[in-house]
Visitor: 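If you scroll down you'll find the structure; I have some questions about it.
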Amino acid sequence: MNIFEALRVAFAGLLANRLRSSLTMLGILIGVAAVILLVAVGNGASVQINNQIQSLGANVIFVYPSNARGAGGVSQGFGTSQTLTMADVDAINSRQQDPDIVAAIPIAQSGGQITFANQNYFAPTTGTTVDFPQVRDYQIAEGSFFTQDDVTSQHRVVVLGSTVVTNLFGTTDPVGQTIKINRQSFRVIGVFAAKGGSGLGSQDNVVVAPITAVWAYLSGGRGKNISQIVASASSANTVAQAETELTTILLQRHQISDPTQADFQLQSQQDILNQANSIATALTLVLGAIAGISLVVGGIGIMNIMLVTVTERTREIGIRKAIGARWRDVLTQFLIEAMVLSGLGGALGIALGTALAVEAPHIPAIASSSFPPPVVSIPSVLLAFGVSVGIGLFFGIYPANRAARLHPIEALRHE
Amino acid sequence: MIKLEAVSKTYRMGRVEVQALRGVDLLVESGDFVAIMGASGSGKSTLMNIIGCLDVPTSGRYFLDGTDVAGLDDDQLAIIRNRKIGFVFQSFNLIPRTTALHNVEMPLIYAGAQNRRPRALAALESVGLADRAGHQPTELSGGQQQRAAIARALVTNPAILLADEPTGNLDSASSVEIMKLLSELNREQARTIVLITHERDIAAFAKRIVELRDGLIVTDERRAA
Ligand SMILES: Nc1ncnc2c1ncn2[C@@H]1O[C@H](COP(=O)(O)OP(=O)(O)O)[C@@H](O)[C@H]1O
Ligand SMILES: [Mg+2]
């Protein structure tokens with residue numbers, strides 16, 4: 001039987017039982033919509049994480065202290081020891097051995113209760129040097145960044161991220177105001193342009209001060225600690241060379257000959273991206289698989305209704321066989337009917353899932369939260385459609401084969 | 001040409017065996033018009049199903065145009081039904097929610113034939129139903145439905161027409177109409193017709209009357225023309 005005829009018969013059959021066909025399609029529709037939406041949510045989270053990591057700065061490499069040396073190779077993790085010094089940063093910045101590094105900055109973190117007038121806010125304070133905006137890719141929106149003189153003279157000045165400004169100042173112009181960090185006065189000299197992104201580790205929730213001032217006023221007597229060095233490679237292609245150069249310089253300076261005994265660890269932005277992406281992919285897969293279960297349930301619904309249809313149309317099958325329908329003619333007819341059911345359900349499910357994903361960010365409750373906007377991916381749409389048609393095929397085979405194998409006489413005698 | 005040699009059919013229902021046919025010999029030449037008569041349960045439909053390749057004999061042999069049907073598989077039987085045989089049933093057996101034209105077109109679709117629409121229309125016209133081509137079975141009278149069924153049986157131009165009590169569900173006027181149509185097809189197009197009926201006056205349209213009793217042929221008479 002030609003496909004056109006099979007489609008005609010399939011649509012006629014579906015139209016003859018509109019309610020039943022719609023309910024059956026609903027099963028697939030919900031399943032596909034769930035897959036599209038949940039995968040879009042996973043994708044959205046992944047896109048957001050990627051953006052946040054990108055906003056760490058272009059081609060950055062993080063250097064963390066580690067405890068490998070002398071501890072029998074048992075690392076105690078990042079930042080637990082204090083092996084990085086300002087001299088290391090200066091050596092990297094002298095750029096005698098590292099042509100692929102543009103700039104390096106030290107980072108000294110200090111937690112802090114920040115107050116302005118009667119407002120309280122908590123944000124980490126980052127002590128660093130003048131290359132911070134360049135390395136970490138921050139723009140100044142207002143005022144200016146601190147200067148080499150501010151660093152040398154331990155000036156108590158800070159530059160604020162936009163989140164801090166919003167929370168602490170409201171509509172007041174922050175530049176020129178004095179805030180207190182852990183009860184020490186600092187003067188605000190600039191504000192960073194917002195980087196966007198939200199949620200954990202927002203790049204806008206920052207307070208940046210000269211590292212010397214942080215050491216002098218906020219370190220609580222812990223001395224000239226550097227928790228990490230951030231270096232910026234000249235381009236994405238030179239990150240690997242830059243890492244090698246960094247390793248060479250630091251091993252030399254720390255007088256370590258065996259690289260496995262290094263007292264520091266490197267992590268590039270790409271490393272972080274890779275890690276985050278593998279987590280995001282796993283998340284998307286889990287969400288997709290959960291939604292996929294509802295697709296299977298929808299498929300069973302199709303099988304059920306096709307069995308009913310075959311029983312109801314036994315006599316018709318007998319007639320068709322009497323006038324010359326072969327096994328595959330009947331099989332094709334019912335398979336196509338099942339695939340039309342599931343394919344239509346799938347197409348409508350794609351429409352619904354996409355609409356929900358697109359509309360979700362406009363729902364006030366979601367818009368105001370830090371929930372990442374879902375991102376519908378074309379492959380997931382194609383896959384969902386393919387899978388829904390495939391489900392019709394898979395769950396249609398048994399009923400269709402049952403129809404195709406009916407004995408013509410018994411089918412004709414059926415009432 | 002239809003040739004049955006000692007054809008038996010036994011139905012097995014659980015432990016009970018029903019012998020519907022017990023060794024039937026029958027030869028139907030091309031162009032003949034045979035009425036098969038007999039009481040209910042005498043095996044008429046069983047015989048018809050075997051002749052129509054809808055079923056196969058339990059024992060004995062059946063040659064259709066010289067081919068032994070016993071050796072054919074289900075799909076080959078379907079092809080024979082499609083090409084060589086046209087069925088007319090007591091309950092019309094048109095496909096519901098499908099126009100008369102499309103019903104008539106159906107055998108051509110399974111045959112993979114060309115020019116299906118015009119051929120189906122021509123068949124409908126030959127039974128005087130061209131003006132009802134777009135009607136669904138529920139919109140046709142019994143006589144019209146049976147004429148559509150005859151058009152469907154004719155559309156692939158088969159040599160043999162098998163009719164199992166074609167007038168069983170019709171009033172007497174429609175019955176005569178249908179029988180005249182069948183006689184005409186036999187006379188003018190030389191189609192072989194095998195007709196089942198238990199009514200004498202319907203059988204009277206045939207050239208030959210075969211009577212079955214308990215699965216055996218008891219009389220076989222050719223009527224004087
Ligand atoms: N599919 C079947 N299964 C079991 N018994 C059957 C079947 N078809 C027919 N029979 C039996 O075979 C006998 C002949 O039936 P049938 O050929 O239909 O008779 P008729 O058409 O002359 O009334 C009857 O006793 C009937 O009950
Ligand atoms: Mg009968």
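So you know, we letter chains A, B, ... as the sequences are listed, proteins then strands, and number each from 1. These numbers come from a predicted model, not from an experiment.
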Visitor: As an exercise: rank B:N82, B:N93, B:I85, B:I79 by heavy-atom pairs under 4.5 Å with chain A and give me the winner.
Guide: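 Most heavy-atom pairs within the cutoff with chain A belong to B:N93.
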
Visitor: Can you see which heavy atom on A:A325 is nearest to which on B:A78, and at what distance?
Guide: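 Smallest interatomic distance, heavy atoms only, reads O-CB, 3.6 Å.
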
Visitor: Using non-hydrogen atoms and a 4.5 Å limit, figure out which bit of A:L412 sits close to chain B: side chain, backbone, both or neither.
Guide: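 For A:L412, side-chain heavy atoms alone lie under 4.5 Å from chain B.
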
Visitor: How close do A:R326 and B:Y110 get, heavy atom to heavy atom, and via which atoms?
Guide: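 Between these two residues, the closest heavy atoms are NH2-O, 3.5 Å.
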
Visitor: Do other residues, nucleotides or ligands put more than 12 heavy atoms under 6.0 Å from A:R20 CZ?
Guide: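 Buried by this count: over 12 neighbours within 6.0 Å.
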
Visitor: Say you draw a straight line from CD1 of B:I109 to CZ of A:F4; how long is it, rounded to the nearest 0.5 Å?
Guide: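 With rounding to 0.5 Å, CD1 (B:I109) is 9.5 Å from CZ (A:F4).
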
Visitor: Could you tell me if the side chain of A:I319 sits less than 4.5 Å from the side chain of B:F89, heavy atoms only?
Guide: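 Heavy-atom side-chain distance check fails, nothing below 4.5 Å.
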
Visitor: Which value, rounded to the nearest 0.5 Å, describes the distance between A:E316 atom CD and B:R97 atom CZ?
Guide: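 Rounded to the nearest 0.5 Å, the CD-CZ separation comes out at 7.5 Å.
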
Visitor: A:R315 versus B:S91: any side-chain heavy-atom pair under 4.5 Å?
Guide: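 Yes; the side chains approach each other to less than 4.5 Å.
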
Visitor: Considering all heavy atoms of both residues, which atom of A:H407 and which atom of B:L54 are nearest to each other, and what is their separation?
Guide: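 Here A:H407 and B:L54 meet closest at CE1-O, 3.4 Å.
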
Visitor: Could you have a look at A:P408, A:A16, A:G324 and say which one has the most heavy-atom pairs with chain B under 4.5 angstrom?
Guide: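 Among A:P408, A:A16, A:G324, the one with the most close pairs to chain B is A:G324.
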
Visitor: Is the number of heavy atoms from other residues, nucleotides or ligands under 6.0 Å of B:N169 CG greater than 12?
Guide: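 Yes, because the 6.0 Å sphere around CG of B:N169 holds more than 12 heavy atoms from other groups.
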
Visitor: For B:E17, does the CD atom have more than 12 heavy-atom neighbours from other residues, nucleotides or ligands under 6.0 Å away?
Guide: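 Enclosed.
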
Visitor: Is there a side-chain contact between A:I323 and B:R152 (heavy atoms, below 4.5 Å)?
Guide: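 With C-beta onward as the side chain, the pair touches.
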
Visitor: Checking B:L94 against chain A: side chain, backbone, both or neither under 4.5 Å from a heavy atom?
Guide: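 For B:L94, the backbone is the part near chain A, not the side chain.
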
Visitor: Side-chain contact test, heavy atoms from C-beta onward, threshold under 4.5 Å: evaluate it for A:R8 versus B:H102 and give yes or no.
Guide: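 A:R8 vs B:H102: side chains touch.
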
Visitor: Quick one: closest heavy-atom pair of A:I409 and B:D55, and the distance?
Guide: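 What the structure gives for the nearest pair is CD1-CB, 3.6 Å.
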
Visitor: Would you give the length of the straight line joining atom CG of B:D75 to atom CG of A:D329, rounded to the nearest 0.5 angstrom?
Guide: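 It is 8.0 Å, given to the nearest 0.5 Å.
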
Visitor: Name the option with the most non-hydrogen atom pairs under 4.5 Å to chain A; the candidates are B:P107, B:S45, B:P96.
Guide: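 It is B:P107.
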
Visitor: With a sphere of 6.0 Å drawn around OH of B:Y11, does it hold more than 12 non-hydrogen atoms of other residues, nucleotides or ligands?
Guide: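 Correct, the count exceeds 12.
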
Visitor: With a sphere of 6.0 Å drawn around CZ of B:F63, does it hold more than 12 non-hydrogen atoms of other residues, nucleotides or ligands?
Guide: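 Result for CZ/B:F63: enclosed.
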
